[in-house]
2 protein chains.
Amino acid sequence: MVLADSGGIESLSMRKLAGELGIEAMSLYHHVKSKEDILDGMVDIVFGEMELPSPGEAWKTAMRRRAESTRAVLARHPWAIAILDSRTTPGPATLRYSDTVIGYLRAAGFSIPMAAHALSILDSYVRGFAMQEASLPLDPSGSIQAATESILEQQPMMSNAFPHLGAMAAELILKPGYAYGNEFQFGLGLILDGLERALATENGPQRGDAPAEGGAGSQSAAS
Amino acid sequence: MVLADSGGIESLSMRKLAGELGIEAMSLYHHVKSKEDILDGMVDIVFGEMELPSPGEAWKTAMRRRAESTRAVLARHPWAIAILDSRTTPGPATLRYSDTVIGYLRAAGFSIPMAAHALSILDSYVRGFAMQEASLPLDPSGSIQAATESILEQQPMMSNAFPHLGAMAAELILKPGYAYGNEFQFGLGLILDGLERALATENGPQRGDAPAEGGAGSQSAAS
DNA sequence: CACAGCGACCTTACACCGTAAGAGTCTCCC
DNA sequence: GGGAGACTCTTACGGTGTAAGGTCGCTGTG
């Protein structure tokens, strides 16, 4: 079901979907309540494709892998990005996913509020990045040069009216080897480092003894 | 033009828009090439509403204000979030906005690659957060309690099958005073602090930045 | 003044969309 | 045999974006 859809664009209609299945549009309504139902199911499948952290991993690498997996899944299903959160009736895979990640963070020593912070910032960043990436006019190689050039050509006054934009285009984006996708790692590392610091601060800069948890990884006690 | 649209939902159609203006649908096509044209213009207006940093401000406060302004504007025009980036022909306000911000960062000591990093992470985060926030079922007070409760009620096995999700709902989200919007500040501060550190590292560690607590942290933030 | 040109507006029409309503048809179980 | 579903179909309605072309009234020029 999803196969046909993610292959095509989000121009899937009840009639086309039915055609794909060899039946008529209205027959679909005996299996689903509405098109919203189908979208709900598709979103749940997308969540099901995301990699879950496996126990025993250090939380930082686990969260990094989770973020990269999410980005990869969303790149595979760009249509899903805009509707991921807007489903008001989360499916089982969605709930399972959230529950597992929260449980993982808690086991790694995150308090409940800190886990909520971490979830919020990571998901906002990953989905925001996926959104920007999905809407960039990339050629298959993942480069953005061609599109940038065409904008520059359209606007020859670019370097006059918008000097900094022009400079960034000329000196960074148009350089061979630049791919916007690489920006992902920088931001992800920055956020994970920031979370590590926040976690250390929370877990007691004062009398930071007895960190009872078998928390994964980095204990850099405040000096 | 935008007034009518952002007030209503994204269910604006050529016919409704024409009706708002007292004319017929097809008459619009004498002023715009297509509906895409209208969306382009609307997106540009949205960019125009965003606050630009004023010279002389410290870059951190300037970027914080920019992020908060962007979030406020996108909260005012939720329909814009999903299509902000997908416009392939940026309008003048959009270009001006990007150019000013880049110029501002450059003046504050960011190299071109570092400015690109900063733009990418800030915009991804802010837009991702705005997206999540916009799709949350909030009551007018900005709280999420009612919706959370209804999900919990629908799924009484929540606390069994999804214990961590249930715990976070019970001990954080359902507590009076919790509002998801407050998560924004945490993530924004974390990112700005991270950028500050990355900037200091880039600009040469000769300026003793007292990296005492950084310990042997990961250097994945290096450019 | 007359008149051509043109831009703003209109009507009509087409192919698509989600789906409400209801009418077969087929298979299984008592 | 005879329900009882489950499944599919046809028909129809009100919506969408927009292609094609018609009808005004204003304006510039002679």
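Side-chain atoms are counted along with the backbone in the values below, which use heavy atoms only and exclude waters and symmetry mates. Here is how names work: the chains are called A, B, and so on, in the same order as the sequence lines, proteins then strands, and each is numbered from 1. Given the structure is predicted, the values throughout are model-derived calculations rather than measurements.
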Problem - Interatomic distance, B/L17 CG vs D/dT16 P [rounded to whole Å] - result: 11 Å
Problem - Centroid-centroid under 6.0 Å between B/F184 and B/F129 rings - result: yes
Exercise for the section: Identify whether the distance between the nearest side-chain nitrogen and carboxylate oxygen of A/R15 and A/E24 falls below 4.0 Å. Expected result: no
Fill in the blank from the handout: Here the distance between atom P of D/dT8 and atom CD of A/E24, to the nearest Å, is 11 Å
Fill in the blank from the handout: For residues 110-130 of chain A, the salt bridge (charged side-chain N to carboxylate O under 4.0 Å, His left out) pairs (sequence neighbours left out) are A/R66-A/D123, A/D85-A/R127, A/D123-A/R127
Handout entry: Partner residues of B/E196 under the side chain to side chain donor-acceptor pair (under 3.5 Å) criterion, sequence neighbours left out
Key = B/K60
Problem - Residues forming a ring-ring contact (aromatic ring centres under 6.0 Å, His included) with B/F47, sequence neighbours excluded - result: B/Y97
Exercise for the section: Check side chain to side chain donor-acceptor pair (under 3.5 Å) between A/E68 and all other residues, then give those that pass, not counting sequence neighbours. Expected result: A/Q185
Detail all sub-3.5 Å separations between protein N/O atoms and N/O atoms belonging to nucleotides 15-17 of chain C.
residue, atom, partner, partner atom, Å
C/dC17, OP1, A/S13, OG, 2.6

Problem - Between D/dC9 (P) and A/L21 (CG): distance, integer Å - result: 11 Å
Fill in the blank from the handout: Residues pairing under salt bridge (charged side-chain N to carboxylate O under 4.0 Å, His left out) where one sits in residues 109-118 of chain B, two or more places apart or in two chains, turn out to be none
Exercise for the section: Can you figure out which of C/dT11, D/dT10, D/dG17 approaches the side chain of A/M26 most closely? Expected result: D/dT10
Practice task
May I ask you to verify if any side-chain N or O of B/S27 is less than 4.0 angstrom from the OP1 or OP2 atom of C/dC10?
Solution key: yes
Handout entry: Whole-Å distance separating the CD1 atom of B/I23 from the P atom of C/dT11
Key = 12 Å
Problem - Between D/dT18 (C1') and B/H31 (NE2): distance, integer Å - result: 16 Å
Practice task
Figure out the CG/P separation between B/L28 and D/dT16, and round it to whole Å.
Solution key: 13 Å
Handout entry: Interatomic distance where OH belongs to B/Y29 and C1' belongs to D/dA19 [whole Å]
Key = 10 Å
Problem - Sequence-distant partners of A/E183, side chain to side chain donor-acceptor pair (under 3.5 Å), two or more places apart - result: A/Y178, B/H117
Enumerate all atom pairs, one protein N or O and one N or O from nucleotides 22-24 of chain D, separated by less than 3.5 Å.
none

Exercise for the section: Using the test side chain to side chain donor-acceptor pair (under 3.5 Å), find all partners of B/T94 that sit at least two apart in sequence or belong to another chain. Expected result: B/D44
